[in-house]
Structure formats: C-alpha cells, structure tokens
Amino acid sequence: MAPLLTALSLSLAAQLATAGEVEVLHWWTSGGEAKAAQALKASLQAKGHSWKDFAVAGGGGDSAMTVLKSRVVSGNAPAAAQIKGPSIQDWAREGVLASIDEVARADKWDELLPKVVSEQMKYRGSYVAVPVNVHRVNWLWINADVFKRAGLKPPLSWDDFFSAADALKKLGITPLAHGGQNWQDLTLFEAVVLGVGGADFYAKALVQLDQSSLTSDTMERALATFKRLKPYTDKNAPGRDWNLATAMVIKGEAAMQIMGDWAKGEFVAAGKQPGKDFLCVAAPGSAKSFSYNIDSFAMFKLKNEANSRAQKDLAAAIMAPEFQELFNLNKGSIPARLGMKMDRFDDCAKTSAQDFASSAKAGSLLPSIAHGMAVPSAAEGAIKDAISQYWNSDRLSARDAMKKLAAAARSK
Ligand code: GAL
C-alpha cells in the first residue's frame, strides 16, 4: 500500500475506534430550523461520530421539555439537549449535567463569548452547556409587496401599526399572522410590553416580576394594546403553528408577523430575500431594545467513554466559527461567538448584531420571558396560561387579566 494511503487508513481506523454516538434532543423541525439542525449534525459527523436524532416537534419546545423530563427520570438521558436560560441551572442542580470545562478551557470560551451568554452556560463556574446562537425576539416581519401595493410604510409605533392594520383590513388582507398557541401569545405580548412600557418597565414587570409593575396603569395599557391586536388576526389562528403563520406572510395572505428571527429562517428557506421580498423592523416602539433568546445545548452525564468523547467533540464543533456562521445563516439568528465576520449575513442579522451590542451598553438588552430566558419555568408557564386565557376570552377585561397575571407571577 502507498504510504499516504496507509497513513489515511490508519487515521480512519483510529477515528473509528474512538467514534461515539451523540443523541441530540431538539425541536427544530420547520424548514429553516431543519436546515440549521442539519448543519449541527454535519459538524458532528465530520469528526467521525454518529448522530442520533431525537426531534420532538412543537414550537417553543414545551413538548420537547416534557419528553426530556421523562427520559431523564427513567435514567435514559440523551447526550445533549436543547435547554436554555435558567433551566440550565435547574438541570445542573439535579446533578445530571456533565462539565465541559476541558473543552471550554482549551478553546478559551470565556474570551469568545459575551458575559450575558457565558454566565448562562455555567453552573457554579463550570460550563455545562454550549451556545449556538442569539435570537432576537422583538421583530416585526413584513411582506414587502403587500405593503407596497397598500402604499404603506413599516410601522414604527403602535399607532402606526393600528392605522396600517386598518388599511390592510379594508383591502381584505389579514394584517397580522398569528398562531394561537400559548407560547406564541406570550411572544406577542412581550413585544407589546416592550413597545408600550419600554425597557425598564419590561425588566421590572417581566424579569423581576415586581408586583407593583405587574399591576400598574402601564401594564393595563399593555394588556389592552395586546388585546386590540386580536381582530387583526384571522379566524383560523387558534392552534396554528408559528411557521404556518410565517408562511402566510411569505405568500402574501397576511401582511405581518411579530416573531423572533427564527421566522427569518423560514423566509430564507423559501428563497425570499430581506429588503426585497420581506422587511424586518423592530416590533413597534421597541427599536432601542433587544429581547434575546439564546439557544444552547446542555450536556448530560454519560457512562460510555466513546460517547462522552463524541459529546465533547460536539461541544467544540458548535463553538467553531465555521459552524456558528453556517448554522446561523440558516437559523435566522446571529452567532453567539464574539468577533465573527458578518459579511455573509443579511441586513436583518447585521442590525441584530449592532443592536445586541448597543442595547447591552444602554441597559436595554433583555431576556425573553416567552422563550425561557427570564424567569423560573413555573412562573413562565403560569404567565403563559394567564395571557392566553385573556387573549382567548370575550369576557376578561385588561384589569381582570392584570390580576391573573400578577397571581401567575407568584407561582413557584
Ligand atoms: C424557540 C427556540 C428557537 C425557535 C423557536 C420556534 O424557543 O429558541 O430556536 O426554534 O422556539 O420553535
């Protein structure tokens, strides 16, 4: 055998001998999400390991988290799971997560990640999770052609939004695409709170869960504004998946959607171009703020050595610049890793990266409550239900809803 071939087959043999399998739990099943998940799978396979897909469909991940709990309780945790925000700490406290400090130290993650990101990935100073991206939640997505035909400009304030919505309704176009699932209701509501109350109010009410902010006139106004949106959604909204709501905007059946930038992944997967086919602007009144949602993978303790090696290789691969670029081009988000070149990214992503940095300085970089970033999961779940109940009720007033919201925030 030629020496080169011998060397190649030897290294292949060595790789196979240490090859492991990583089972990865996620909920990325829509068009853009699936492409991003594929990038993750490819980066693991490139290291010679195999990927065991554990996809649990359901936007926002509530179903995935339920399935995860039962798997961990039965002693059969996956190697990696999409776990975010304060929940990372909850899982770590249970003693089921593995430290990936060895990888983090070798690759200097502390220097590569913004503090707001790295702090969430650690439990008692040790890395137990690795971030793939930063999503911005407070976006308004617009079908450019529909707006042009209607002679409208992207609304910057809620007043502008409602007058544009009236004009669209008269033309027979659904102004706002929405999917009536509780996490989508809360996604919409948090954008309204940010626009109506501003960053400081959002932080007090929806992060610190301060009772007097939750029961203030500003909250009543935010609740009333949120409910005013409902007549601008269509009658088939209840239960609709978020990506089907995005598809309505892509096809021009609806004009706008308020959703995190995973929606951009859908536009891009459908071959649409920002600035030409669709527009991205901050949700009304929230241009100076940034509500963030960081996707990350927490690593579970494993017994098999090859699998645990593969798990560490996955963690290292996720932080590699090539992966952070490719993944986020498909996912609609921006890289979690600092110092990345943004030239292959579109203007929505560039705006997002700039606003992420400027809002961090201005104190208006805020964790998304609807996406598991802001409060413990018990309070988040109860708030989600209170907001959806109000959205779906013909009887509850903004005042009634405020009381329910304040009570939900006390859930432990
Ligand atoms: C979010 C998640 C995103 C996105 C979205 C819809 O919670 O962080 O990555 O996929 O749900 O499923």
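Counting starts at 1 for both ligands and their atoms, following the listed order.
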Heavy-atom contacts with [X] under 4.0 Å: which atoms of ligand 1 show up? List them by number with element.
{"X": "W28", "value": "9 (O), 10 (O)"}
{"X": "W242", "value": "6 (C), 12 (O)"}
{"X": "G59", "value": "12 (O)"}
{"X": "K331", "value": "3 (C), 4 (C), 9 (O), 10 (O)"}
{"X": "N293", "value": "1 (C), 2 (C), 7 (O), 8 (O)"}

- Looking only at side chains, do T174 and D234 share a donor and an acceptor under 3.5 Å apart? no

- Residues S397 and D400: side-chain donor-acceptor under 3.5 angstrom: yes

- Under the side chain to side chain contact (heavy atoms under 4.5 Å, CB included) criterion, do Q324 and M340 qualify, and how do the steps go? CA-CA 9 Å; Q324 294 261 328; M340 291 277 302; 3.9 Å; yes

- Item | Sole candidate of W262, F297, F54 that passes ring-ring contact (aromatic ring centres under 6.0 Å, His included) when paired with W28 | F297

Identify, for [atom], the protein heavy atom at the shortest distance, and state residue, atom and that distance.
{"atom": "atom 8 (O) of ligand 1", "result": "D295 OD1, 2.6 Å"}
{"atom": "atom 6 (C) of ligand 1", "result": "E33 OE2, 3.3 Å"}
{"atom": "atom 1 (C) of ligand 1", "result": "H371 ND1, 3.4 Å"}

- Would you say W27 has any N or O atom under 3.5 Å from an N or O of ligand 1, going by distance alone? yes

- Hey, looking at atom 7 (O) of ligand 1, which of Q82, H26, K84, M373 has the closest heavy atom? K84

- Establish, for the pair K153 and F147, whether the NZ or CZ atom is under 6.0 angstrom from the six-membered ring centre and no further than 45 degrees off its axis.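 Not flagged: K153 not positioned over aromatic ring of F147.
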
- Message: Taking the six-membered ring of Y292 as reference, does the cationic atom of R136 (NZ for Lys, CZ for Arg) lie under 6.0 Å from its centre and within 45° of its axis?
- Response: no

- Query: Does ligand 1 have any atom that is closer than 4.0 Å to a heavy atom of G60?
  - Reply: yes

- Indicate, with yes or no, if the rings of H178 and W242 have centres closer together than 6.0 Å.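 So the answer is no for these two rings.
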
- Query: Between F226 and Y390, what is the ring plane arrangement, given parallel below 30°, perpendicular above 60°, and tilted in between?
  - Reply: tilted

